[in-house]
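What follows is a set of notes on a single structure, which appears directly below.
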Amino acid sequence: MPKINYKSNEFLVFLVIVAFVIVATASYPGFFSIPTLFDLLRNGIVIGIFAIGVLLVLISGGIDVSFTAVAVFALFTTTLTVKQLGLDLPWPLVFLVSVLIGMGLGLINAVFIAGFRLPTLIVTLGTLSALRGFLLTFVGSQLISNVPPSMQQFSRLVIVRGTNAQGFFYSLPWAFAFLVGVVVLTWFLLTRTLLGRNIFAIGGSLESARRIGINVRLTQVFVYAYVGGLAGLAGIIHASMARVANPFDLVGLELSVIAATVLGGARLSGGYGTITGTLLGVILIVMVNNSLILLGIPSTWQSVVIGALILLGTGLPSYQAKRAARKAG
Amino acid sequence: MTDTNAAPAPKNPSPAAPGFVVQLMQPGIGRLAVMTIVIFIAMAALSPEHFLTIGNASSMAFQFPEFAILSLAMMLAMLTGGIDLSIIGIADLSAIIAALILSHFAGANATGVEAGGAMALAIVVSLAIGCVAGMFNGIVIAYFGLPAILATLGSGLVFTGLGFAITGGSAVVGFPGVFAVIGNADLFGIPVPLIIFVSLAVAVWFLLERTAFGIKVQMLGTNPLATRFAGIDDAGVTIRTFTYSGGLAAVAGLIIMSRSNSAKADYGSGYLLLTILICVLGGINPYGGFGKVSGLILAVLSLQFLSSGFNMLQASNFFTQFLWGSLLLVVMAVNTIQFRRRAARSSSKAHV
């Protein structure tokens, strides 16, 4: 049993989630139930996969705002190609195509970041704009509401389904297994491989990492390709679950995902971040987005609440650290 | 026990920025001017019968001031070594408050003293809100030690969210006709928004180049630690800079509101990327310290020429988005290649 650090961001976010659940249950007893839990899990799949990708980039000392454009580019071109060619690919192959497109687009970021050593925020803002512009100008801006049959088939695959005592229907789609897979894979990568240590090292101090012989460029190329691949996966899962490929989707979500990751304790200055924290951050953001009304707060206030959570959740620890540093003199 | 999870202590937000990155961010005003002229000539050559007209010049002069002013706000934040992701939120929130004042105290049919009084009140209140919102950012950054990107990400969500919460997401309408002057009228043939932008640009130039405060801002962006050890009130400089930034955002919000004759919580949401793009293109160093108002103006003009030119060729807005993003990447990459070549040449000379 690992020791719990009661001062950590993870624990703070956990407390906020518990408080949220208690207040929501008090105002609406039906909140504390299996259907709510499964709703939460289902709504967390796409944001969760995105957030794991963002976590990796933040740990490596960068920031990525282009992943939503990568995701929508990958999901739309994949769906369009499969439809236009009239291929009857099984869904795992469709997913693989989308992941590969995502990786390819992630490599564009890598060229500018690792190759030209340009600032990551500026590069990914550029690719966000360029990719989305390219998609909507040259690929298509028409919604595809009739997605290939294999994707529809995927959307019907559920791990469990049932009806609870109150007669509410619940189900958990297989897409959730992808989030679990991504979490396990990334956890293994970050904590059990040399590559993972290298990612932490370049985020901690790029120059030190270079001087102890870490191949900084290769590590960065890996990070941005991996994030691109995750974005491609999240995108195609999003399209499959919604059974529609909308080229206007997802873009605009990037700041919420970064907010979730940062709330979970990952640092924008690099070198620090945990998967547990990120997942807690995602849970909190999804709960605020879906169930704020149960706390007696109108849903129009949701971005105020998320913004305030970011300011408090990151501002207070930062303030304490600043005071501690001053006391230590 | 040390707290390993505390947020980072305030430090230079670009610990990983090697020295040459700082230098390559300054492509020089000369090259930028050449690029602007080339784009102008190219666009003029593509459709001279539309592009080289008084009508087009006037429509461009009405279009760019709002995002040019937002870019000035972004520039101030970038000069301190930070960034301000909340300017759009500030612009919308302050415009919504102004709109509510106007529609409450005057309404669409008001004229004369009633309309004028309400307008004066609305302008003063919205500028004050902009400054207070900016000051809030500055305080969070300076006293709580949050990186600017994180502080303004959070506060931007709060400001935008407040706009949504107040209006329920719908547009506020019903202003007296006289308010349209700010965004739509001209004075001796010069559009009012352009006049506003030029005066603000001159003011920012004066602030940065001709006052002690301007030098402090640039010092802070170049080396925050050295600035503090030089006895400069770094917290005060940060707060003042972000206050100005918020005030500028509020002016842009008023122009957008006047031009669209309404205020809404998500107006101008596409401008955030654009302002960062303009600043970087205009040679303002995203790591802080360097940047000129003249560079910013040239970047604004070249992007406006591009978007107007392609608009006339019936290209979609998305194509312009594509061009802007690609332009940003290409310009930065070219700057790097040139810098490396120059660096390689000078180091080989040194060895001889």
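Note on naming: letters A, B, ... go to the chains in the order of the sequence lines (proteins, then strands), and numbering restarts at 1 for each one. In this text, all values refer to a predicted model and were calculated from it rather than measured experimentally.
With sequence neighbours left out, the side-chain contact (heavy atoms from CB on, under 4.5 Å) criterion links A/Asn198 to A/Leu194, A/Ile214, A/Thr219. When the ring-ring contact (aromatic ring centres under 6.0 Å, His included) test is applied to B/Phe242, no partner is found at least two apart in sequence or on another chain. Residues passing the side-chain contact (heavy atoms from CB on, under 4.5 Å) test with A/Phe222, sequence neighbours excluded: A/Leu189, A/Leu195, A/Ile199, A/Tyr226.
Across all their heavy atoms, B/Gly161 and A/Ser303 have their closest contact at CA-OG, 3.0 Å. Shown here for B/Phe144 and A/Gly315, the closest heavy-atom pair between the two residues is CD2-O, 3.8 Å.
Below 4.5 Å, heavy atoms of chain B meet heavy atoms from A/Phe112, all part of residues 104-113 of chain A.
Proximity to chain B (any heavy atom under 4.5 Å) is restricted, for A/Ile63, to the side chain, taken from C-beta onward. For A/Val123, the parts sitting under 4.5 Å from any heavy atom of chain B are the backbone and the side chain alike.
Checked against a 6.0 Å centroid threshold, the rings of A/Phe248 and B/Phe318 count as neighbours.
For the side chain to side chain contact (heavy atoms under 4.5 Å, CB included) criterion with A/Val304, the lone passing option out of B/Leu162, B/Leu157, B/Thr160 is B/Leu162.
The shortest side-chain heavy-atom distance between A/Ser129 and B/Leu328 does not fall under the 4.5 Å cut-off. Proximity of A/Leu121 to B/Ile83: side-chain heavy atoms (C-beta onward) are separated by under 4.5 Å at one or more points. The shortest distance between side-chain heavy atoms of A/Leu136 and B/Phe322 does not fall below 4.5 Å. Contact of the B/Pro147 side chain with the A/Arg267 side chain is not registered, since no non-hydrogen atoms from C-beta on lie closer than 4.5 Å. Counting only heavy atoms from C-beta outward, the side chains of A/Phe134 and B/Leu323 never approach each other to under 4.5 Å.
Of the residues considered (B/Ala165, B/Gly89, B/Ser155), B/Ala165 shows the highest number of contacts with chain A, using heavy-atom pairs under 4.5 Å.
The CG atom of A/Leu135 lies 10.5 Å from the CD atom of B/Gln321; values are rounded to the nearest 0.5 Å. Within the model, atoms OH of A/Tyr319 and OH of B/Tyr143 stand 10.5 Å from one another, a figure rounded to the nearest 0.5 Å. The distance from the CG atom of B/Leu150 to the OG atom of A/Ser269 is 9.5 Å, given to the nearest 0.5 Å. Interatomic distance, B/Ile276 CD1 to A/Leu125 CG, rounded to the nearest 0.5 Å: 4.5 Å.
No donor-acceptor distance shorter than 3.5 angstrom exists from the side chain of A/Thr300 to the backbone of B/Gly168, with no hydrogens or angles considered.
Counting non-hydrogen atoms of neighbouring residues, nucleotides and ligands closer than 6.0 angstrom, the CZ atom of A/Phe14 reaches no more than 12 such neighbours.
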